[in-house]
K.L.:
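This structure is in structure tokens; I'll ask about it shortly.
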Amino acid sequence: MDRLQILQATASVLLLLSFFSSLPGAESIGVNYGMIGNNLPTPAEVVSLYKSRNITELRLFNPNTTVLAALENSGIGVVLGTLNQDLQSLAASPSFAARWVSANVVPFSKSVDFRYITAGNEVIPGESAPFVLPAIKNLGAALRDASLKIPVTTVVSTQVLNVSYPPSQGAFGSLSVMSPLVAFLEANNVPLLVNVYPYFAYAGDSENVRLDYSLFTANGVVVQDGPLGYTNLFDAIVDACYSALERAGGRGVEVVVSETGWPSGGGGAGATVENAKTYNNNLVAHLRRNGGTPKRPGRKMEAYLFAIFNENQKPAGTEQNFGLFRPDMTEVYHVNFTP
Ligand SMILES: *[C@@H]1O[C@H](CO)[C@@H](O)[C@H](O)[C@H]1NC(C)=O
Ligand SMILES: *[C@@H]1O[C@H](CO)[C@@H](O)[C@H](O)[C@H]1NC(C)=O
Ligand SMILES: *[C@@H]1O[C@H](CO)[C@@H](O)[C@H](O)[C@H]1NC(C)=O
């Protein structure tokens, strides 16, 4: 090679490298910041904890300006939820939605990296379900009026599925709510946020649901679904959601996993530190591999572990034991977030 060829080769390698590093294909992994405890560290300490552990995204269930102030200029991506009890007002009143945006988003819009605003957490099916889409639309209009481009969506549990097995047969119930919602998400290129808990599937039927399949430790395919083979339950649940989205006319809608986790104690089947550590570390490794799911191979995935702390004011039992950290900020077990 002469010098010119070397320069050209170097340039194309650099071009290739910058192409790969700017691909939208990189996964993102965050952690839910639940606050249902009376012994939790201050928001400033929590933000320092996220940064020191290289946790780059955070989900906040309710708007809280003390927490948002602590997140300013942190570089942490933030998913911000509305209170479920505000949904009816957000749906009924464009001016209520505008006030919500002025109070909770506008003051932080230049210093906090908002990834999504979520209208409602796990309200479909339920009596607040009809408020979700009108609330999304009013919040979206208020954000546009404030010249902000932040996607607005909702968080659902897998209760929205009335069929989840096999994954290819995934289908929503509540179609009168889900069909227009899915059409809106499809038209606006906004993801659906879904809370995905292999743990509850395992704990609810530990005779029939294999622990290794739930913990990403099975050696091969456990569920064969037509041409697609599943080695872990997480992918099977996510793909049931993709099948349901396709049936509801949302072939292009992406699933973001807004919660997933495993309890380290509290008495439920399989609720041990060892299993929680195995689940969460294997989940992170699975996401980092960027392999997607059998139905969406190679698709980048975005997921938020539940949760940063054990929360002592949640219902007794496993619910209080989903934390990666104790309230004194010591680890319950180690999860490595550094890519
Ligand atoms: C966070 O990332 C930095 C830079 O990559 C690295 O030096 C550090 O060890 C990481 N911290 C942890 C807790 O993994
Ligand atoms: C916001 O968070 C702070 C710090 O945890 C807490 O003291 C306060 O009560 C919260 N405010 C609301 C409105 O939830
Ligand atoms: C699921 O919901 C659809 C639409 O509401 C309905 O047609 C179907 O019978 C339901 N299937 C099951 C198994 O409940």
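The first residue of the sequence shown is numbered 1, and numbering continues consecutively from there. Both counts, for ligands and for their atoms, begin at 1 and track the order of listing.
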K.L.:
Under 4.0 Å from atom 7 (O) of ligand 1, is there any protein heavy atom?
P.N.:
no

K.L.:
Give the atom numbers and elements of ligand 2 that come within less than 4.0 Å of a heavy atom of Met35.
P.N.:
2 (O), 5 (O)

K.L.:
Counting from 1, what ligand 1 atoms have a heavy atom of Thr338 closer than 4.0 Å?
P.N.:
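Result: 1 (C), 2 (O), 10 (C), 11 (N), 12 (C), 14 (O).
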
K.L.:
How are the rings of Tyr33 and Phe309 set relative to one another: parallel (under 30°), tilted (30 to 60°) or perpendicular (over 60°)?
P.N.:
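Geometry flag for Phe309 against Tyr33: perpendicular rings.
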
K.L.:
Considering the heavy atoms of Asn54, write down every atom of ligand 1 situated less than 4.0 Å from one of them.
P.N.:
1 (C), 2 (O), 3 (C), 8 (C), 10 (C), 11 (N), 12 (C), 14 (O)

K.L.:
For Asn38 and Asn312, test the side chains for any donor-to-acceptor distance below 3.5 angstrom and give the result as yes or no.
P.N.:
yes

K.L.:
Heavy-atom distance from atom 1 (C) of ligand 1 to the protein below 4.0 Å?
P.N.:
yes

K.L.:
Of Tyr197, Tyr199, Trp262, Tyr202, which is the lone residue that meets ring-ring contact (aromatic ring centres under 6.0 Å, His included) with Tyr279?
P.N.:
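Only one option passes, and that is Trp262.
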
K.L.:
Would you please say whether a donor-acceptor pair under 3.5 Å links the side chains of Glu122 and Ser157?
P.N.:
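Judged by distance alone, the side chains do not pair up.
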
K.L.:
Please answer: with hydrophobic residues joined when any side-chain heavy atoms are less than 4.5 Å apart, are Leu161 and Tyr242 in the same cluster?
P.N.:
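They do share one cluster, since a chain of ILVMFWY contacts under 4.5 Å joins Leu161 to Tyr242.
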
K.L.:
Give a yes-or-no answer on whether the side chains of Arg288 and Asn336 include a donor-acceptor pair shorter than 3.5 Å.
P.N.:
no

K.L.:
So which protein heavy atom does atom 3 (C) of ligand 2 come closest to, and at what separation?
P.N.:
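Checked against all protein heavy atoms, atom 3 (C) of ligand 2 sits closest to Asn64 ND2, 3.7 Å.
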
K.L.:
Just which atoms of ligand 1 are under 4.0 Å from any heavy atom in Ser52?
P.N.:
11 (N), 13 (C)

